[in-house]
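Letters A, B, ... are given to chains in the order of the sequence lines, protein chains preceding strands, and every chain is numbered from 1.
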Number of protein chains: 2
Amino acid sequence: MKYELILKNISRFIDLNQEEQDLYISLLKEKTLKKKEILLRPGEIARYDYFTTKGCLKIYTIDENGTEHIAMFAIKDWWSGDLASFITQQPAKYFIQAIEDSEVLLMPKENYDLLFEKIPKFERFYRILYQRSLVSHIQRSDQNISLNAEDRYREFLKKYPSLRNRISQKNIAAYLGVTPEFLSLLRKKMTLL
Amino acid sequence: MKYELILKNISRFIDLNQEEQDLYISLLKEKTLKKKEILLRPGEIARYDYFTTKGCLKIYTIDENGTEHIAMFAIKDWWSGDLASFITQQPAKYFIQAIEDSEVLLMPKENYDLLFEKIPKFERFYRILYQRSLVSHIQRSDQNISLNAEDRYREFLKKYPSLRNRISQKNIAAYLGVTPEFLSLLRKKMTLL
DNA sequence: GTAATTTCTTAATGTACATTATTTTTCTCT
DNA sequence: AGAGAAAAATAATGTACATTAAGAAATTAC
């Protein structure tokens with residue numbers, strides 16, 4: 001059923017009995033999203049953490065030149081949100097938008113806080129989740145500094161194989177930190193080899 | 001005394017009674033480092049997490065062109081290590097080196113694992129530590145993509161005000177992802193304004 | 001305390017990627 | 001299905017930063 005995926009995601013790191021599972025699920029909300037629907041805008045307070053069960057979200061900023069920078073794509077089975085705003089309840093810096101028709105489960109901030117009281121095991125779950133997330137962010141920071149655009153594109157393809165033909169090159173370019181024109185050039189050059 | 005700083009660091013997020021403090025401290029080792037001393041090299045297994053009590057470490061990689069990329073500086077009161085290697089016990093990707101005479105406390109991997117059994121509160125400590133660390137890494141990834149070198153230098157000065165005149169420009173350049181020559185130019189230009 | 005080494009500065013030239021503009025192709029909406 | 005909008009391709013020109021080189025200044029080492 002609907003909650004199978006998220007329970008399986010959690011069971012990677014901690015075991016929940018039936019009662020705990022029911023309690024956990026009772027803390028979630030859900031939402032169906034049309035393509036282009038926006039979940040969060042800069043300046044708003046992030047009230048939710050998101051778990052994608054279908055479709056794809058993008059988490060991005062728009063800089064002072066109007067250029068879009070995509071921090072991550074949240075596909076099925078991925079967590080996302082503006083963590084800084086969610087935790088501190090200060091204004092968000094990120095947009096979160098569906099780039100396909102999507103379905104998400106939402107963990108409201110007040111329930112997230114409650115979770116650690118009700119089921120302290122979740123300290124462990126998030127300890128491990130954040131730990132792994134940190135490892136992959138450290139890796140990406142390193143890649144952004146040490147790889148050129150072509151190699152970053154190859155890394156993108158490794159990390160998100162399902163997205164290659166599913167999303168626009170414009171979005172891929174905004175994730176890589178290059179212009180769509182340059183990505184177009186790169187792809188042409190790469191198919192010639 | 002010697003452990004005041006680290007206990008204070010921990011008490012930001014959890015409260016430990018005397019017994020827990022003593023147990024925690026019994027799990028630590030300590031080490032005095034000469035400038036240039038290396039704590040970890042790529043290919044080795046990261047056996048420790050480090051807490052700097054004095055001096056400064058750099059955590060860095062050397063890419064296939066021989067260019068050094070500094071992921072972070074670990075000054076007094078900062079945690080550091082090759083997290084991926086420490087967690088998975090796979091070969092490290094990073095060098096860790098003292099860039100000043102330094103002192104560190106070490107948490108060995110086997111004691112780190114033990115810690116969560118002995119004092120489950122540490123799940124919470126690391127949950128919050130990784131959460132905050134994640135927030136600052138997300139911010140740096142974003143800055144590396146959206147800011148030019150001059151603005152990244154200003155961010156560096158904000159993040160590590162104490163390092164401005166303490167470490168070489170070569171190290172600062174390797175942190176910013178530019179050549180020392182270009183940083184020299186930038187600084188000249190910035191003082192003229 | 002002086003030689004050797006490393007770091008810093010300055011400058012000329014080179015390159016990866018941006019910008020702008022135009023055309024072609026694909027997607028979206030009714 | 002067809003009109004309008006958005007995305008992609010191509011190409012000319014521009015710019016932030018890299019590379020190379022050489023001399024000056026600072027640091028390290030014996």
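Ring-plane geometry between A:Phe122 and A:Tyr126 is classed as tilted, the angle between the planes lying from 30 to 60 degrees on a 0 to 90 degree scale.
The nearest whole Å value for the distance from the NZ atom in B:Lys170 to the P atom in D:dT27 is 15 Å. The distance from atom CD1 of A:Ile99 to atom C1' of D:dA7 is 14 Å, rounded to the nearest whole Å. When rounded to the nearest whole Å, the span between CZ of B:Arg187 and C1' of C:dT7 equals 12 Å. Rounding to whole angstrom units, CG of residue B:Asp151 and P of D:dA16 are separated by 12 Å. Straight-line distance from the CD atom of A:Glu68 to the P atom of D:dA6: 14 Å, rounded to whole Å. For B:Leu185 and C:dT10, the CG to C1' distance is 8 Å, given to the nearest whole Å. The separation between A:Tyr153 atom OH and C:dA16 atom C1' is 18 Å, rounded to whole Å.
Open room surrounds CD on A:Glu19; 12 or fewer heavy atoms of other groups in view lie less than 6.0 Å from it.
Ion pairing of B:Arg154 with B:Glu150 is present here, as a side-chain N (NZ or NE/NH1/NH2) and a carboxylate O approach within less than 4.0 Å. Electrostatic pairing of A:Glu44 and A:Arg41 counts as a salt bridge here, judged by a charged N lying under 4.0 Å from a carboxylate O. One finds a salt bridge joining B:Glu20 and B:Lys121 here, because a Lys/Arg side-chain nitrogen approaches an Asp/Glu carboxylate oxygen to under 4.0 Å.
Residue B:Lys188 places no side-chain N or O under 4.0 Å from the OP1 or OP2 atom of C:dT9.
Geometrically, A:Arg140 does not engage A:Phe156 in a cation-pi contact, judged by NZ or CZ lying under 6.0 Å from the ring centre and within 45° of the ring axis. Cation-pi contact between B:Arg127 and A:Phe116: present, with separation from the ring centre below 6.0 Å and deviation from the ring axis of at most 45°.
We find the CD1-CZ distance between A:Ile172 and A:Arg164 to be 8.5 Å, quoted to the nearest 0.5 Å.
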Study note, to complete from the structure: Counting primed atoms, P, OP1 and OP2 as sugar-phosphate and everything else as base, the B/S/- map of nucleotides 17-27 of chain C against protein heavy atoms under 4.0 Å is BSBBB------
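Aromatic ring centres of B:Tyr48 and B:Phe86: separated by at least 6.0 Å. Side-chain rings of B:Tyr24 and B:Tyr3 stay apart, their centers remaining 6.0 Å or farther from each other. Ring centers of A:Phe95 and A:Tyr60: under 6.0 Å apart, within the cut-off.
Of the residues in residues 157-168 of chain A, none lies under 4.0 Å from DNA chain C by heavy-atom distance.
The C1' atoms of five pairs define one axis at each end of the helix from C:dG1-D:dC30 to C:dT30-D:dA1, and these two axes lie 70° apart (to 10°).
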